[in-house]
Amino acid sequence: MICIPVTSHKNKEALRVIARSISHADFIELRMDLIGDGNLAELISAVRRQSASVKVIITCRKKEEATRGEISAAPARVPVITAKEKMALLKEAVTLGADFIDIELAEGKRAIHEIQSLCAESHGKTKVIISYHNLKETPRFAKLKAIFNQCAKFEPAVVKIITTARNADDNLVTLNLIPLARRHSRDIIAFCMGDKGLLSRAVAPFLGSYLSFAALEKEGQSAPGQFTVREMKTIRKLFGDKQRDPLPSTSSLQRSTPQNFVLLGNPVGHSLSPLMHNTALKKMGINEHYTAFCVDDICRAVEGIRGMNIRGASVTIPFKETVMQYLDDIDDDALALGAVNTILNNNGRLTGCNTDWLGLVLTLKKAMTIKNKIFAVIGAGGTARAAVFGILKEGGIPVIFNRTSEKGKKLAEEFNISFHPFSGIKKFKAECLINTTSVGMSPRTDKAPVKPSAHAGYKYVMDVIYNPLKTKLLTDAEKQGCRILSGLDMFVHQGAEQLRLWTGKEPPRALMKKVIFKRLTAK
Ligand code: ATR
């Protein structure tokens, strides 16, 4: 449900905004602290006259409660409302039959009880929203939970908790309040303000937030980061317009299964995983979404997965190893490999798995036999680990070539395989040479980890890089007569295996490959 705030500084203008908003809104919030000469009776009756269904929320913030944008936008002639005047105005709103009164938790017990008893006299016609705004930051979840409990104690119709996102993780922390409120059978509005909070504004309705604030147009924003009505509608369309009911019945809560998927990494801006996974989910008829989160604090992000009951997560650079300590279980393969790229949520119990090695093995297997064949692996990082693990599992013989001997030797010792200095690649002979480093990845596509003349001893050359589809390494190898394998198949298979783990269904691998291929070859 969309709530359009009316923040005009003049009553006349506010009436015009109401007229233009009425057909787009489920709620209209009259910001009486900003509408300088606001005539409450006239404004409420203007809404009633134009719509029988649009609900009216009356809000009157103290100057220190209003966001910085509102204060600077408010002309000097908008009078500062005293506490007494504010209470009088809220009481008048109840008398005039407003649907909701928004009162800050900070107003204190006495004021809240006073408004509540007046509302009780209206026989439930006017309801109370108890709100908390933090204009500086997003406190830790434990603190937000305590604030939620404080608000909930008053038994309001809706709790509203709005924080300011200082980094992307804050979105997950505040959004956590929505499932918490649902578990308490309480309606809630929760999201983060600010540019870094856009994600929570977009996602909150789909988790069951009671309503979303949207400005009629950019100039009418009542808080930083607020979407316009048009933007909010586009988001809904993108998400398939399947918002959760604000408050399900207790029985359906008990049945509630985890939903939706996330990617946790940093950076994630250029990730093609959302495109690939969302395409697959749609084709599989699963009405859930995959969203990328740029994470700073992986511990908080994992808290978010639990709190929001997220069904599954992909984990990417740089968290594949650090995430392990925050999970409940690690499956045998991920444990042996030493990295997690997939999280599975099973009734709140989080299990770490790894599909990177499977992605690589499935790609190799399609082209060649792995068993008893030698594979020269370039690199000694997380991807090299996945390659070594997968090849060993299939009975192949991996050997490590790495720029830094110390790191390469360490990995080789761990898996009891041999290590060779980088300079030995040219003279070595093996079934396949596999690059697991990022050398040659877009935008530095003119680079290759080895010289063009180094491919002579290899039947196949594979690059784990999929952007570009044909790296310089592969172009050089092809010229030398080697058969080449791009990283695209590995990327698709590791993603498909994630979907299989999360949903138990076989994903449309060909379609996933097609959509990524199309994106990578689009000019
Ligand atoms: P990932 O987890 O994706 O494998 P990583 O842990 O950063 O990434 O590992 C990257 C690997 O690429 C490392 O083994 C690195 O070699 P060093 O151990 O010598 O650092 C290798 N690598 C990165 N840049 C390289 C380059 N220009 N030439 C050769 N190897 C390189």
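Both ligands and their constituent atoms are indexed starting at 1 by order of listing.
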In Å, rounded to the nearest 0.5 Å, how long is the span from CG of Leu364 to CE of Met462? 5.5 Å
His493-Trp357 aromatic ring centre distance below 6.0 Å: no
Please report which non-hydrogen protein atom sits nearest to atom 16 (O) of ligand 1, along with the residue it belongs to and the distance in Å to one decimal place. Asn402 OD1, 3.4 Å
What is the closest protein heavy atom to atom 20 (O) of ligand 1, and at what distance does it sit? Arg403 NH2, 3.0 Å
Of all the non-hydrogen atoms in the protein, which one sits nearest to atom 5 (P) of ligand 1, and at what distance? Gly381 CA, 3.9 Å
Can you tell me the protein heavy atom closest to atom 17 (P) of ligand 1 and the distance? Thr404 OG1, 3.4 Å
Tell me whether Asp463 contacts the main-chain N or O of Gly487 through its side chain, where contact means a donor paired with an acceptor under 3.5 Å. no
Any sub-3.5 Å donor-acceptor pair from Ser200's side-chain atoms to Cys192's backbone N or O? yes
Between the main-chain N or O of Leu350 and the side-chain N or O of Asn345, is there a donor-acceptor pair closer than 3.5 Å? no
Quick one: does Gly379 get an N or O within less than 3.5 Å of an N or O on ligand 1? no
Keeping Arg483 on the side-chain end and Ala367 on the backbone end, is there a donor-acceptor pair under 3.5 Å? no
Donor-acceptor check, side chain of Gln494 to backbone of Phe491, threshold 3.5 angstrom: yes or no? yes
Note the single closest protein heavy atom to atom 2 (O) of ligand 1, along with its residue, its atom name and the distance in Å. Gly382 N, 3.0 Å
Which residue and heavy atom of the protein sit nearest atom 14 (O) of ligand 1, plus the separation: Ala380 N, 2.8 Å
What part of Thr437, side chain, backbone, both or neither, has a heavy atom within less than 4.0 angstrom of ligand 1? both
Ligand-residue contact atoms, ligand 1 with Ile317, heavy atoms, under 4.0 Å: 3 (O)
Just which atoms of ligand 1 are under 4.0 Å from any heavy atom in Val439? 24 (N), 25 (C), 26 (C), 27 (N), 28 (N)
Does the protein put any heavy atom within less than 4.0 Å of atom 7 (O) of ligand 1? no
Residue of the set Ile305, Thr316, Asp169, Val323 for which side chain to side chain contact (heavy atoms under 4.5 Å, CB included) holds with Leu264: Ile305
Among non-hydrogen protein atoms, atom 3 (O) of ligand 1 lies closest to Thr383 OG1, 3.1 Å
Please write down residue, atom name and distance for the protein heavy atom closest to atom 13 (C) of ligand 1. Lys407 NZ, 3.8 Å
How about Phe401 and Phe428: are their ring centres within less than 6.0 Å of each other? yes
